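These figures come from a predicted structure and were not determined experimentally.
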Amino acid sequence: MTAPALELRDLSVGYRARGAEALVLHGLSLSIAPGEVYGLVGESGCGKSTAAFAALRALPRNGFIRGGQVLVDGQDITALDPAGLRQLRQTKVSMVYQDPGRALNPSLTVARQIGEVYEVAGVGRSEAFSRAQAMLLKMRIAGPARVMRAYPHQLSGGMQQRVVIAMALAKNPALLVLDEPTTGLDATVEAEVLDLVQVLRHEFATSILFISHNLAVIGRMCDRVGVLYAGRLVEEGAAADLLSRPLHPYTARLIQCLPSGKRKADGRLETIPGFLPAPDDMTPGCVFAPRCEFADDRCRTIVPPLETQPGHQVACHHADRAQCTIAPAPPRLVSAPIAGAPVLRAVGLSKTYGDVRAVRDVSLALLPGETLGLVGESGSGKTTLARMLLGLEAPDPGGVIELDGRFVAGRAKSRTRADHKALQIVFQNPDSALNRSHTVRRLIGRPLARMAGLPRRQRAARLLELVGAVRLAERYLPMRPRQLSGGLKQRVAIARAFAGDPKVVICDEPTSALDVSVQAAILNLLTDLQASARVSYVFISHDLGVVRYLSDRIAVIYLGRIMEIGPVQAVFDGPHHPYTEALLSAMPGAGARIQLHGEMPSPAALPSGCVFQTRCPRKIGAICETTEPELADEAHAIRCHLPRAEMGRA
Amino acid sequence: MSERSGLGRVVRSSVFLAGLVIVLFWVGCALFGRWLVPIDPYRDDLLNTLAAPSAAHWFGTDQLGRDVFARVVVGAGPILSVAPAATLLATVAGTALGLLTGYVGGWLDTVLGRLIEVLLALPLIVVSLLVLVALGPSTITVIAVIAIIFTPLIARTVRAAVLAERGLDYVAAAELRGESAANIMFVEILPNVLPPILVETTVRLGYAIFTVASLSFLGFGIQPPSADWGLAISENYGMIVGGYWWTVSFAAAATASLVVGVNLVADGIQAALE
């Protein structure tokens, strides 16, 4: 029998910080067979990246291996000297990181960077160049000659990641470590890169350690999956089996946190109460016990061993009961949109920066209590649209924004206090959105003072009410943002947005920086607040599952144009705009994927006719290049020349 | 907590502590030196001029027979009042200017930015000399001149820090609740740019000490009969040729040690805040 490509034996890894040591991995054991794709899944802070770095012995300076072995191709790399380690990295292992922009050298051409890998292996420069070009062809890059000459900044994110993968595979490694390789990419690009990895694993017969927080991606890519929690492997098994029949309560909960096709009216999303234990937490027993609904005295005193079930390993005293948690949540009352006059109306909004036409002639209306999902890839103009509605960017002359039938000024500075109160935002990144030198009390208290117009005494009561409404404990009030977790920070940001009893809250990817269990809690919170405060949302996201869960209507935006707008059900069921169809097909669990040709054109040089015609798989012909289709004023409007009967359906 | 732990790191840094000991020593001399020195630093003793260091005069005497040790100790006073005053003025003005150009931007930034660049392009000592010649040297003018010269330097640092903050969403959030520009600049942004301001101020203080000493040496700074170090070097440097090294060396060493001390403090703060 051949040796596993990677074997971790009882590996413990820690970090030193300010004189203190904390273990991050506790006795991790796993084994990846030659040619196998092994997925390591877990939430942030569980130690998955540490495991990846340890597999290459590339820990940060303050990291150390406390015990155990790392065997690559049967060789223990913990004992290697620097020369041996270099040899190993030159020939046997490669790593692909999350951000391709930072993995590439900005001042070298792609040809130099891929060629270097061959030159290190002793190949001449011209030979290295032709091999690099051949490698790009294998990455399914059309026109590799152009990419070879390019510098990294001239390439899109998806193309950069292909180049990084090409560099990683150039040495034909025995082991390839992919650390969240598609997290920063758009849905359609992510799907393409994942497809590519699927094909390449067969072509190169490389073993892959695939690290991700995304269960759907892991389920699609991997043969076997390990679930990490607080630096311990809590469950391991065949991917399909583990995701459909999780035996550990943590895995079961994690899967239920995903919206996976649900709508808000179908019921609350499951969440995992409590927090990951601190690395220096020495509580005896099962690490998950403090957050587990099945925990009993045995769980709190005896660490459950990793036991083998058929085709499955699990570390839980109650593995037989995890299935019990998979019960559908009861449906709940949600606020239905109130038919009648729209609370927010935008007519003919455009934004032009020099040659760049970021948003073009967008009109939309939002009913009281309604959620409008705004879907589009990066560069589609969805954030610019949101910033115009808020008044952070002034629309081009001619655009009109109305709140409750009143015209509002284009710039936030010229808007009235009532306008400020009525229109608020929850930003994507709470670290940037919350002033780090202010306490939580001040972060929420100041908007209350500005916008609620209450006397001091009532303000204090309202502050506590608001803090309670976003489920934030009062003990957090004197703390500053850096002392809070990501989910808590986002709750503070939501409380701030609701301080003035807004009519419309714009949510700009509010959960995309959060773990799934935290995301579920925030989505539940937004739904609850909507039901009690009758607020309308404009919900921007690239995650179609999340948009489907929360929205009543969806607008799909491409190159600054609304391509399709309609009720959620209609948009998901079809008939679809060809672009929507492609987006939906990139969702995990969807059927055959629809490939889009090429990349999104630059908003500085828009295509003639329909903006989507350069990539459209259902292009009719000349009419698409000459005439831009209209967006009719109907409930489910689609900007396309195709007759409805010929459009795709779910 | 962040501020407290940051401060804790500053206090534990040995570089910072070493600098602080030196600076506090000279501050002590400036405040209490007058009563600690055994001999009146301003008393002439024409029968005992240019005496070499001895038990009676530890650092010797100068050409008027004044005790060099007493004058070095007391000489910390003028420089340690002029330099910090000028730095403080420059910090306040530079911070306000930096916040204004960084946050408001637009034509204000363009105009003030060019003005700052013009000021920065002028040679520091030459400009100070011209202004001092025009206005006549006095303690107030020295403080004003150094403050004016340092203001654009601090403004530039503050502006860069403000530009980074301005792009963050909390500023947009403040605009969306209708906060005034002054509130956004001083309540929202200022606390987040204090660390670079603190570092810049300490670094500038070192330069200010140096500049005051240089101006005094050139005769346009602190005026006789003050025991100022720069002045002492200026009055006595001709004597070195005759072998009377003590008349200059101790004042020079005092100036150097103070500048080094302030720079150590600056390094310590900078290292802890990064």
_Note: B/Glu165-A/Arg436 ion pair, threshold 4.0 Å (strictly below)_ = yes
Would you call [X] and [Y] a side-chain contact if the rule is heavy atoms closer than 4.5 Å?
X	Y	value
B/Val187	A/Arg442	yes
B/Arg177	A/Lys421	no
B/Asn183	A/Arg450	no

Do other residues, nucleotides or ligands put more than 12 heavy atoms under 6.0 Å from [X] [atom1]?
X	atom1	value
B/Phe210	CZ	no
A/Arg406	CZ	yes
B/Phe16	CZ	yes
A/Glu21	CD	yes
A/Arg459	CZ	yes
B/Leu108	CG	yes
A/Lys503	NZ	no

*How many angstroms lie between atom CG of B/Leu176 and atom CG of A/Leu390, to the nearest 0.5 angstrom?*
5.0 Å
*How long is the gap from OG on A/Ser437 to CG on B/Leu194, to the nearest 0.5 Å?*
8.0 Å
*Given a strict heavy-atom distance threshold of 4.5 Å, which part of B/Val171 is in contact with chain A: side chain, backbone, both, or neither?*
neither
*Donor-acceptor pair, side chain of A/His420 and main chain of B/Glu179, under 3.5 angstrom*: no
*Check for a donor-acceptor pair, side chain of A/Asn435 on one end and backbone N or O of B/Glu188 on the other, with a separation under 3.5 Å.*
yes
*asked:* Can you confirm whether the side chains of B/Asp169 and A/Asn429 place a donor and an acceptor under 3.5 Å from each other?
replied: no
*Highest number of heavy-atom pairs under 4.5 Å with chain B: which of A/Lys413, A/Arg446, A/Met451?*
A/Arg446
_Part of A/Arg415 lying under 4.5 Å from any heavy atom of chain B_ = neither
